[in-house]
Amino acid sequence: MKKEQYFREELQRLFMGLAIVPAVSITLICCFIFMGLLLKSRWEENTGQRDYITEVLEQTMAACSRELERLETFPGLFDGEPDPAGRSEIFEELYRATNGLGYEADFYILDANRQVILSDQAAVPSALKVAPGVSWGIFAAMEETPGQTVLRLLDGYKQEGAMLALGRAVSQGDQLLGYLIFTLDHTAMQPLLERSAAQAVVTDPYGWAYLCGNSSFLTDSHQLSKDIRGGDTWLSYHRHLYLLSARPACGGQLFVYVLSDVHNIVISLALNAALVITALFIMTIWVFVTTRKVTEKKTADFYRILEVMDQGRQGNLDCRVQVDSNNEFKTIADAYNGMIGSLRQQMENNSRMAELVALSQNRQLESQFNPHFLYNTLENIRYMCRIEPETASRMIFCLSGLLRYSLDSSRTEVTLREDLDHLNNYLTILTYRFGTRLTCTVDVEESTLDCRIPKLVLQPMIENSVKYGFGNGDRLTVELKAYIHEGHLVMICRDDGAGMTPAALSELGRLLEQKEPPGRHSGLYNIHRRIQLLYGHLYGVEIRSTEGHGTTLIVNLPVRREESLC
Amino acid sequence: MTTGRGRGTSRFLQVFLTAAVLGAAAAGVSGCGSGKQELAVRETVLPERELVVYCPHPQDFIDPIVSEFEAQTGISVLVCSGGTGELLDQVAQGQEPLCDIFWGGSLSITSPRRDLFAPYTSANEGLVREEFQNREGNMTRFTDVPSVIMVNTNLTEDIPVKGYEDLLNPKLKGRIAMCDPSASSSAWEHLINMLYAMGDGDPEQGWDYVERFCENLDGTLLERSSQVYEGVASGQYAVGLTFEEGGARYVKTGGPVRLVYMEEGVLSTPDVVCVAKNAPHPEEAGTFVDFVTGWDAQSIIAGTLNRRSVRTDVDEPEGLPDKSSFPSIESSLELVTGRREEWLERFAEIYEKELSE
């Protein structure tokens with residue numbers, strides 16, 4: 001079984017290794033790259049927008065600054081109320097300057113008391129209404145660095161009205177003449193933010209917003225949230241994920257923050273990845289199950305062959321391999337079936353041959369009649385003919401019965417009862433031969449009489465005792481018993497004769513196991529051989545003997561009753 | 001209120017997303033060819049110098065001054081807003097971010113808690129009017145804040161309102177906006193003002209009026225002083241008891257409101273700007289005190305933010321009456337600060353009683 005699973009698992013592993021794992025990894029890598037590409041494009045859009053805004057702001061401020069410097073040199077700007085001609089000339093110049101900026105800028109020319117001399121706006125923004133002398137707002141910055149253009153975010157804290165102011169304090173010698181100021185309202189620059197989907201915020205260094213694409217980034221004071229000002233590239237703000245890039249503009253006077261909402265990208269891709277993983281998971285299970293089925297189906301023939309081979313190894317050659325599919329396995333199965341078939345044929349032939357041999361051997365063995373016995377008996381009869389013709393006649397009758405019995409080749413097995421009847425003929429002859437020197441008792445259990453035994457088993461047992469039992473003694477008692485013990489028919493022939501030396505006993509044991517009939521003890525050999533041929537090696541003759549204390553022959557047989565008598 | 005780095009985004013997510021972008025860039029599939037591009041671009045930095053200001057002033061008042069302070073000094077200010085009492089408690093508890101400056105809150109409320117503040121004498125102390133001198137050493141006066149009654153002109157056409165007495169008019173029942181004096185300094189000032197003005201200088205005599213006034217409140221007491229002026233300006237209430245600047249903004253912007261300086265007498269209490277004890281940024285805190293008490297800031301406050309300066313060299317605010325034009329009364333700071341708990345309790349009792357009736 002273990003082998004079987006190993007092969008199947010190997011096949012499955014092959015499927016998984018070649019199909020699932022690469023599919024999973026490739027899909028995940030693709031997801032990963034796809035997300036990376038999306039994010040990268042967002043990032044490029046983000047930084048592009050950031051750089052664009054920065055560039056425009058810087059260009060605009062630089063242009064303003066140039067215009068301011070040029071205007072400063074314009075004569076008669078602060079010389080009180082200019083006449084209408086001069087006024088229109090200045091206006092023309094101012095409009096030309098602001099038009100060149102590309103964004104709508106307002107201009108204010110203020111005198112040293114911060115009163116408006118000239119402006120394109122009727123109303124002055126509150127951030128420019130600072131009392132003379134008060135160092136506040138753009139004025140504080142202009143006075144701090146006279147002769148230079150300064151940039152300040154004004155009213156950055158107001159929801160509406162944040163403006164960038166560029167200004168110069170104009171002096172002649174130590175005498176302050178006035179101020180030149182350009183303002184860029186946040187509404188003027190707002191279109192800058194609409195170029196891209198990325199949301200931008202332009203602030204001063206303290207976070208007060210000038211332009212803002214998304215008011216949720218600002219506090220109530222219109223200040224950019226500190227979380228964003230100090231945020232990382234990947235910014236989590238209000239439970240949304242943003243890509244944040246930032247850079248200073250205009251020499252650190254302004255800061256441009258651009259935020260791209262990547263929340264949906266990340267969420268949707270995470271969802272996609274989850275979906276893909278789920279699909280792959282289900283697919284994996286499906287493939288796992290189907291590959292199991294397929295491998296089971298594909299390897300079924302293989303295992304059927306294996307199983308039949310295994311049974312064949314254990315001796316069961318009756319199984320045939322049944323392969324339905326028409327592939328290599330069928331060839332193997334057919335070849336195996338053919339091989340097993342011819343093997344079985346061969347084995348059947350062999351066993352039939354062996355049976356024939358055993359049968360003929362048995363015939364030969366049972367037909368052997370001891371010529372010594374015949375000779376001795378005939379000698380005895382010759383004497384008896386002279387002394388007791390009556391007895392001689394009876395002996396001849398017994399002998400002829402014995403001969404007929406032994407020559408009857410129609411049966412190999414008889415009942416114990418029949419064999420006992422014929423043994424009586426033999427015993428009668430022996431009684432005549434040995435007279436009182438030989439005492440023979442037969443004690444057979446009634447239940448054993450119906451048992452089938454090989455023909456002529458009892459006689460050689462007695463014969464053996466008589467032949468070797470007398471030794472140098474002149475009396476011999478032989479006892480024959482038969483009983484059933486533990487399902488075996490046991491027949492015992494015990495004598496009180498000379499017995500055997502241990503060497504003779506072991507020699508006799510060796511003789512009995514020979515394949516060829518020995519010269520001596522052929523009677524015992526015959527019985528033993530015949531029993532083994534008929535009933536197998538579990539059965540046979542056993543000899544026990546002690547020198548001087550007689551010999552015991554034990555014949556062990558299966559209990560087989562004569563059916564017709566039952 | 002966090003400072004410094006952004007919150008939330010987990011380290012793992014940051015690394016993962018960055019890896020995704022760099023991975024995609026490295027995969028070379030992008031045709032943009034933008035070449036070498038640093039992802040971690042953060043060229044901006046938060047200003048190094050910081051200041052934490054706890055401030056009960058209205059946002060509109062705070063923002064212009066704070067933004068100008070930042071621009072002129074380069075110090076970034078973090079403002080924590082709230083009611084005076086609430087903020088003082090937070091300072092006492094040492095709540096994060098630790099307070100550097102306590103800016104606002106009338107003297108009568110902050111004075112009993114002056115052990116929270118470190119001694120500081122502003123550079124402008126010599127130019128501060130006599131009555132607003134920093135006598136305690138750690139209580140620099142910021143502005144002078146008279147109490148006023150703010151009246152919605154649309155809702156009070158037929159109701160004359162000249163002082164406290166007129167607030168007992170049954171027509172105003174339930175239409176008077178007043179804050180809980182324990183929560184708001186402007187309401188506390190009004191309570192003192194009532195007691196002194198209606199008790200003819202003896203606060204104990206003023207409680208009769210308080211009882212009748214509470215009856216007319218009809219169970220309405222607000223949580224924050226901003227609810228008073230916003231409520232009156234929006235027409236939710238007919239009259240409100242507030243401080244001068246709270247109402248003056250609406251007058252200036254042309255809202256349907258006017259300010260009534262009580263004919264029975266107006267109490268004017270300065271508010272303060274103090275350096276907190278153990279301030280994390282003491283140097284910046286000093287700069288701030290000097291800035292807000294400086295001539296420029298005080299001029300702007302008087303000129304555009306409708307408050308009265310404590311300085312001798314700054315004029316009365318534009319559009320607001322001179323202090324001499326309404327009857328001023330004085331209170332004893334010692335008595336008022338000493339009796340605060342008792343008076344608050346007494347007021348609460350009266351209010352509760354009226355509420356249960």
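Lettering follows sequence order; numbering is per chain, from 1.
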Max heavy-atom pair count under 4.5 Å with chain B, selected residue of A:Ala131, A:Gly133, A:Ser126: A:Gly133
Check: A:Phe255 ring centroid to A:Tyr206 ring centroid under 6.0 Å: no
Spatial distance of atom OG (B:Ser184) from atom CD (B:Glu223) [nearest 0.5 Å]: 10.5 Å
Side chain, backbone, both or neither: which part of [X] has an atom under 4.5 Å from a heavy atom of chain B?
X: A:Gln223; value: side chain
X: A:Trp136; value: both
X: A:Val262; value: neither
X: A:Arg42; value: neither

Heavy-atom cut-off 4.5 Å, strictly under: side chain, backbone, both or neither for [X] against chain A?
X: B:Gln59; value: side chain
X: B:Ile75; value: backbone
X: B:Phe69; value: neither

Most contacts with chain A, counted as non-hydrogen pairs under 4.5 angstrom, among B:Gly74, B:Gly303, B:Gly294, B:Ser299: B:Gly74
Determine, for [Y] and [X], whether the Lys NZ or Arg CZ falls below 6.0 Å from the six-membered ring centre while staying within 45 degrees of the axis.
X: A:Arg50; Y: A:Tyr257; value: no
X: A:Arg195; Y: A:Tyr52; value: yes
X: A:Arg114; Y: A:Phe139; value: yes

Closest non-hydrogen atom pair, B:Val128 against B:Phe132: CG1-O, 3.2 Å
Of A:Trp43, A:Trp234, A:Phe217, the residue whose pairing with A:Tyr242 passes ring pair (Phe, Tyr, Trp, His ring centres under 6.0 Å): A:Phe217
